[in-house]
Structure formats: C-alpha cells, structure tokens
Amino acid sequence: MDGLDDEVNARSGIGMTSERTKMRMIEQLRKDGITDERVLGAMAELPRHAFVEEGIASRAYEDTPLPIGHGQTISSPFIVALMTQLLLENRTPAKVLEIGTGCGYQTAVLARLVKEVYTLERIAPLMDKARGHLRDLRFYNVRFKHADGHAGYAVGGPYEGILSAASASHIPPALKEQLAVGGRLVLPVGTDDQWLYVIDRTEKGFTEIKREAVRFVPLVPGLG
Ligand code: SAH
C-alpha cells in the first residue's frame with residue numbers, strides 16, 4: 001500500500017505532507033471517540049486526498065465534508081469512521097451494501113475491512129470516477145451498480161451490513177428486507193431534521209436505535 005500511496009501522492013502533487021496530516025486526522029478521530037482499530041487502521045492506510053479534486057486535495061484530511069461535483073459531498077472523516085464503526089460493532093460482516101458511492105472513499109474503507117462490497121450510486125459519472133479511484137488502489141472486491149438505493153440490490157443480498165451515505169425521508173423497506181438475520185443497517189433518516197439510525201435484524205424481527213443528529217445530502221429517488 002505504501003508504494004501505491006506514493007504513486008497517488010506524486011500524481012496529486014501533495015507529497016509527504018499528506019502522511020502527517022493523515023496521522024493528525026487519525027488522532028482527531030480517536031479524540032472524537034472512534035475506538036475501533038480496524039476502522040482507524042483502514043483510514044490511516046487510505047489516501048483520502050486521492051478521492052477529491054486536486055484543487056481541494058490539501059484539505060482532504062480536515063474534519064469536514066468537501067464537494068465532489070454534481071452537488072454532492074464526500075462525508076467528513078468523522079462520519080465515515082462513525083458509520084463504519086457502528087456497522088462493524090462486535091461483528092465482521094462478510095458482505096456489505098453501500099448506498100451512495102459518491103467519490104468512493106467510504107467504499108474503499110469498507111472494501112479494506114470486509115470481503116465483498118456492493119455499492120449503489122444514482123449519478124453515473126460519480127460512479128465511474130469512484131470505480132477509477134478503487135481501480136487505482138487495486139481493490140477488486142467491489143461491485144458498482146448504477147441504481148436507486150431506495151430499492152437496495154436484492155440480487156446481491158442478503159447483506160450482513162447495509163450503510164447509506166444519503167438521508168431517506170423514511171427507512172426504505174427494501175433495505176430492511178435485504179438485511180441478513182444478525183445483520184445491521186446504518187443510515188440517516190429525515191429531511192430537515194436528520195438522525196442516524198442503527199437497525200438490527202434479529203431472529204424475532206428488527207430493533208431500532210436513533211443515535212444522533214446528523215446532516216447528509218438527501219437520498220434522491222430515480223437515476224441522475
Ligand atoms: N460516501 C460518499 C458520500 C457521497 S454523498 C463519499 O464519501 O463520497 C451521497 C451520495 O449518495 C451522492 O453521491 C449521491 O449522488 C448519492 N445518492 C443520493 N440518492 C441516491 C439514491 N437514491 N441511490 C443511490 N445513490 C444516491
């Protein structure tokens with residue numbers, strides 16, 4: 001991964017400063033309550049700056065969302081870390097479905113930690129760019145689908161984990177249906193007032209926990 005990181009650094013012209021700022025980002029995540037070493041390790045390895053445009057690459061390790069084009073944003077490092085930590089809490093899902101590929105950074109974090117990732121994106125050019133980023137980093141365990149996340153992706157399911165990076169007005173029933181027993185769904189719900197939900201599927205049904213107030217782009221119906 002190091003050689004790869006250097007290659008990407010050379011291409012984006014960021015050089016070694018990115019390594020230091022990346023480690024500062026990891027320290028900040030620890031202070032903010034991220035404790036899962038698997039998540040911290042994956043984020044320490046991945047070149048987040050390679051997922052955004054060169055003009056803003058120097059800001060890639062700040063704890064802030066950044067524009068990725070088409071009116072969308074890459075989620076802040078804390079949100080990516082928190083959602084991944086929740087998805088992996090006391091478990092290692094083998095197969096995960098991600099809704100809202102965006103630039104592919106969250107996808108890469110997941111692909112580092114689980115065996116198989118399916119990721120859905122409604123805006124084709126964003127998906128193509130994300131596919132390129134993951135190819136550059138030599139991830140071969142991700143399947144990209146140009147699809148509306150409201151319907152999930154039944155063909156690939158059931159999933160031990162489902163994560164959405166866009167906020168639905170209600171919990172899409174298809175996502176609950178495609179969750180394996182013992183699986184977990186982590187997603188923001190709401191329009192103006194958004195909350196992060198953690199939904200577990202048990203033998204008996206579903207349990208639902210409303211975690212914390214968040215701010216995501218909306219889950220938009222149909223293809224872009
Ligand atoms: N994890 C991404 C976050 C991107 S923002 C990243 O780190 O870059 C959320 C993404 O969800 C956007 O790319 C947006 O186009 C996508 N999206 C919104 N509604 C969607 C839907 N119905 N189906 C699939 N993707 C959707």
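Both ligands and their constituent atoms are indexed starting at 1 by order of listing.
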Which segment of Val80 sits under 4.0 Å of ligand 1 when only heavy atoms are counted: neither

Can you see whether Tyr197 has Lys210 sitting over its ring - NZ or CZ less than 6.0 Å from the centre and within 45° of the normal? no

Is Leu219 touching ligand 1 with its side chain, its backbone, both, or neither, if touching means heavy atoms under 4.0 Å apart? both

Does the side chain to side chain contact (heavy atoms under 4.5 Å, CB included) test come out yes or no for Leu46 and Leu137, once each step is laid out? CA-CA 9 Å; Leu46 284 169; Leu137 293 169; 4.2 Å; yes

Got a salt bridge between Arg201 and Glu177, using NZ or NE/NH1/NH2 to carboxylate O under 4.0 Å? no

Give the residue and atom name of whichever protein heavy atom lies nearest to atom 15 (O) of ligand 1, and the separation in Å to one decimal. Glu121 OE2, 2.6 Å

I need the atoms of ligand 1 closer than 4.0 Å to a non-hydrogen atom of Leu126, numbered in the order shown. 13 (O)

Using a 4.0 Å heavy-atom cut-off, say whether Ala130 meets ligand 1 through its side chain, its backbone, both or neither. neither

Quick note on ligand 1: atoms under 4.0 Å from a heavy atom of Ala147 include exactly 23 (N), 24 (C)

Among all protein heavy atoms, pick out the one at the shortest distance from atom 12 (C) of ligand 1; state its residue, atom name and that distance to 0.1 Å. Gln72 OE1, 3.3 Å

I'd like to check which ligand 1 atoms, numbered from 1 as shown, lie under 4.0 Å from a non-hydrogen atom of Thr73. 3 (C), 4 (C), 5 (S)

I want to check something: taking the side chain as every heavy atom from C-beta on, are Leu196 and Val186 in contact at a cut-off of under 4.5 Å? yes

Enumerate the atoms of ligand 1 whose separation from the nearest heavy atom of Ala165 is less than 4.0 angstrom. 1 (N), 3 (C), 9 (C)

Would you say Val220 has any N or O atom under 3.5 Å from an N or O of ligand 1, going by distance alone? yes

What part of Arg122, side chain, backbone, both or neither, has a heavy atom within less than 4.0 angstrom of ligand 1? both

Which one holds for Ile123 and ligand 1: side chain close, backbone close, both close, or neither close, with close meaning a heavy atom under 4.0 Å? side chain

Atoms of ligand 1, numbered as shown, that sit under 4.0 Å from any heavy atom of His150: 22 (N)

Give yes if a backbone or side-chain nitrogen or oxygen of Ala166 is under 3.5 Å from a nitrogen or oxygen of ligand 1, and no if not. no

Measure the shortest side-chain to side-chain distance between Asp148 and Arg122 over non-hydrogen atoms and say whether it is less than 4.5 angstrom. no

Thr101 heavy atoms within 4.0 Å reach ligand 1 at atoms 1 (N), 2 (C), 6 (C), 8 (O)

Please check: side-chain N/O of Glu45 versus main-chain N/O of Ala42, any donor-acceptor pairing under 3.5 Å? no

Atoms of ligand 1 less than 4.0 Å from Ile74 heavy atoms? 6 (C), 7 (O), 8 (O)

Quick check on side-chain hydrogen bond (donor to acceptor under 3.5 Å, both in side chains): which of Arg112, Arg38, Gln106 does Thr84 satisfy it with? Gln106

Sidechain N-carboxylate O distance under 4.0 Å for Lys22, Glu19: yes

Gly149-ligand 1 polar pair, N/O distance under 3.5 Å: yes

Hey, is Arg30 close enough to Glu37 for a salt bridge, meaning N to O under 4.0 Å? yes

Where is the tightest heavy-atom contact between Leu113 and Thr92, given as atom of each residue plus distance? O-CG2, 4.2 Å

Does the Lys NZ or Arg CZ of Lys145 fall within the cation-pi geometry relative to Tyr118 - under 6.0 Å from the ring centre and within 45° of the axis? no

If you scan protein heavy atoms around atom 8 (O) of ligand 1, the nearest is Cys103 N, 3.0 Å

With a 4.5 Å limit on heavy-atom distance, are the side chains of Leu88 and Pro93 in contact? yes

Do me a favour and list the nearest non-hydrogen protein atom to atom 11 (O) of ligand 1 with residue, atom name and distance? Gly100 CA, 3.1 Å

Under a 4.0 angstrom heavy-atom cut-off, which atoms of ligand 1 come close to Pro218? 18 (C), 19 (N)

